[in-house]
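Only a predicted model underlies this, so the values are computations on that prediction, with no experimental measurement involved.
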Protein chains: 2
Amino acid sequence: MIIKRPQATESARNRFDRIHEEIRMRICLLDYAPGKRLSEEALAGEFGISRTPLRRVLARLESEGLVHSMHGIGTFVTDLEIEELGQTFRLRLELAELTGRLEPVLPDAALWQEFRAISTQSKAMLAEPDPRRFAKLNVDFFLCLVRLTDNEPLREITRRLYFQTTRIWLKSVFASHINLRDETHVFDREVDDIIRALELGDLHSAALIQRAHISMSFQRMLAGSRNHEA
Amino acid sequence: MIIKRPQATESARNRFDRIHEEIRMRICLLDYAPGKRLSEEALAGEFGISRTPLRRVLARLESEGLVHSMHGIGTFVTDLEIEELGQTFRLRLELAELTGRLEPVLPDAALWQEFRAISTQSKAMLAEPDPRRFAKLNVDFFLCLVRLTDNEPLREITRRLYFQTTRIWLKSVFASHINLRDETHVFDREVDDIIRALELGDLHSAALIQRAHISMSFQRMLAGSRNHEA
DNA sequence: GGATGCCCATTTGTGCACAAATGGGCTGCG
DNA sequence: CGCAGCCCATTTGTGCACAAATGGGCATCC
């Protein structure tokens, strides 16, 4: 019997997922700012592959609304204005609540540990806020929250919408539409409140807290944008 | 000033969309049965293109969960059992109702005409039911219903889940888990009831009627599957 | 001087040949 | 006779060269 050592060479699918997640994260953390052109050739070179498989990744990102390719011109990171995202945010509110209603599940030991770790990091961040690290912590927290439902299609859709909209938050920070220090405190409260609800086993309340924070975060960005115009 | 005649030659993007929708429809109407292998070379030949752009279409279909590619083996239409679709159906129920709550819009003249046409065809189908034509009418009706909300992300997500699950209905007909003639009558009632709600301008009720029919349809398929086992 | 049309560098899209991977059949050994 | 291992046809995945398309710069003409 032949024992195949696990992934001596990375499979095509794994590599696709890895590169896809990497570029997606760069877009969400504004390493690639909205409007920036992504060179197929440069990216292919960076990841040590040819344009063909890289184009597959870009095509996926395009279907997710994160980039847009134009023949003869280039591939660009999509831009977004807070005013245009109302529809998406309203939908995210509803989906957040669904997480607490549709097949909710309590965290297992591993997930509990991740929640605790995020709480710790959140408190550490209060002393010296850093936009990018904060955004990354926000992503990690979101990816934990989505695991509070067993409904896989709901998870997938929720993730999709999250990655479409999360950049606007970091963008608002850099545009001074919202205050980073305030946001870190709000986030820390959110994490603690949700953990407390989870400790009580009240998954629906945890979902409603998340919903409320998504809504208020949107309102703060909207208000900041309007103030800035005036 | 140069007047560019509109699409003398089809753009790459339009061609992609056209082929994608065509293959998706073939899968949903069971022209390509679950489990069937799709030959990249044959499909590329049929559409008069090379494998490269066709593979792009297949990759999109794979991200939508309609096919699955395996290196060295082939690309296969995904199979699905009614028992595994509970999560997806429960989510579809919620999204259907959201259509009536999140930015609902009354039909314009064109959409009204489409609803009337579908009602007419539905009644014509009562006399001589045909599974494939019925499934097609079902798709058309769904695509009209989704236009009752202005929330574009909600539309997109709803469509995605619909195309993932709609095959199971036609599959249940062929497996005699549900009765085609009964289904045609139920469908005709659904169309009429929803049109009546729309005539009253009651979009939320229209959505709830749709929700109820999705749920009952699922229950009938589930029951049929269980009876068949017994 | 201004506008118009052409040329060309740049970038995405396509076709094709080859690499990688899989499964089935065949062959040879015990 | 059974089974283990190899070979090869088939299919998806990759690399690469070229086609298509775009925009900007430049020359030319009015």
Side-chain angles (χ1 to χ4, degrees), chain A residues 1-20 22-23 27 32-33 35-79, chain B residues 1-20 22-23 27 32-33 35-79:
Chain A
M1 177 171 150
I2 296 173
I3 304 282
K4 193 187 288 184
R5 93 182 81 168
Q7 303 300 7
T9 72
E10 188 178 28
S11 80
R13 189 168 305 273
N14 290 346
R15 187 179 63 183
F16 172 88
D17 288 339
R18 180 173 55 82
I19 297 177
H20 171 254
E22 172 64 27
I23 297 181
I27 292 173
Y32 296 149
K36 175 184 169 61
R37 188 176 79 80
L38 300 184
S39 165
E40 294 184 352
E41 200 166 1
L43 282 173
E46 178 191 338
F47 290 106
I49 57 178
S50 78
R51 280 180 55 217
T52 307
L54 184 95
R55 281 175 56 74
R56 202 180 160 114
V57 173
L58 292 181
R60 173 73 129 256
L61 290 170
E62 180 159 25
S63 82
E64 296 169 341
L66 297 181
V67 305
H68 184 66
S69 291
M70 284 175 289
H71 190 178
I73 307 180
T75 302
F76 301 89
V77 177
T78 53
D79 202 354
Chain B
M1 177 173 151
I2 296 173
I3 303 280
K4 193 188 288 184
R5 92 182 82 169
Q7 303 299 7
T9 72
E10 187 180 27
S11 81
R13 190 169 303 273
N14 289 347
R15 187 178 62 181
F16 172 88
D17 288 339
R18 179 174 56 84
I19 297 177
H20 171 254
E22 172 65 27
I23 297 181
I27 292 173
Y32 296 149
K36 176 184 169 61
R37 187 176 78 81
L38 300 183
S39 165
E40 293 184 352
E41 199 166 358
L43 282 172
E46 178 191 337
F47 290 107
I49 56 179
S50 79
R51 280 181 55 215
T52 307
L54 183 94
R55 280 174 57 74
R56 202 178 161 115
V57 173
L58 292 182
R60 174 72 131 258
L61 290 170
E62 180 160 24
S63 82
E64 297 169 340
L66 296 181
V67 305
H68 185 65
S69 290
M70 286 175 287
H71 190 178
I73 307 181
T75 302
F76 300 89
V77 177
T78 52
D79 201 355

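Side-chain contact check for Val57(B) versus Arg60(B): every heavy-atom pair is 4.5 Å or farther apart. For the pair Glu46(B)/Glu22(B), no side-chain contact is recorded, criterion being any heavy-atom separation below 4.5 Å from C-beta on.
One can place CG of Leu58(A) at 16 Å from C1' of dT14(C), the figure rounded to the nearest angstrom. Atoms CD (Glu10(B)) and P (dT14(C)) sit 11 Å apart, rounded to a whole Å. The CZ-P distance, from Arg55(B) to dC16(C), rounds to 16 Å in whole Å. Rounded to an integer number of Å, the gap from Phe76(B) CZ to dT22(C) C1' is 11 Å. Rounded to an integer number of Å, the gap from Arg56(A) CZ to dG13(C) C1' is 16 Å. Put simply, CD1 on Ile19(B) is 15 Å from P on dG13(C), counting in whole angstrom units. In this structure, Asn14(B) atom CG and dG13(C) atom C1' are separated by 14 Å, rounded to whole Å. Note: CZ (Arg60(A)) to P (dG13(D)) measures 13 Å, nearest angstrom.
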Please list, pair by pair, any protein nitrogen or oxygen found under 3.5 Å from a nitrogen or oxygen in nucleotides 6-11 of chain C.
unit_1: dT11(C); atom_1: OP1; unit_2: Arg37(A); atom_2: NH2; d: 2.7

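Interatomic distance, CD1 of Ile23(A) versus CG of Leu43(A), reported as 5.0 Å (0.5 Å rounding).
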Side-chain donor-acceptor distances from residues 65-73 of chain A under 3.5 Å, at least two apart:
unit_1: His68(A); atom_1: ND1; unit_2: Glu62(A); atom_2: OE2; d: 3.3
unit_1: Ser69(A); atom_1: OG; unit_2: Thr75(A); atom_2: OG1; d: 2.9

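Using a 4.0 Å cut-off between charged side-chain N and carboxylate O, Glu40(B) and Arg51(B) make a salt bridge.
The stretch residues 67-76 of chain B participates, sequence neighbours left out, in no salt bridge (Lys or Arg N to Asp or Glu O under 4.0 Å) pair at all.
Taking the side chain to side chain contact (heavy atoms under 4.5 Å, CB included) definition, one finds that Ser50(A) meets it with Thr52(A), Pro53(A), sequence neighbours left out. Residues meeting the salt bridge (Lys or Arg N to Asp or Glu O under 4.0 Å) test with Asp17(B), sequence neighbours left out: none.
In this structure, of dG15(C), dT14(D), dT12(C), it is dG15(C) that holds the atom nearest to the side chain of Pro53(B).
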Test side-chain contact (heavy atoms from CB on, under 4.5 Å) on Ile19(B) and Ile49(B) and set out the steps.
CA-CA 11 Å; Ile19(B) 297 177; Ile49(B) 56 179; 3.8 Å; yes
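Residues of residues 44-51 of chain A that place a heavy atom closer than 4.0 Å to DNA chain C, in numerical order, are Arg51(A).
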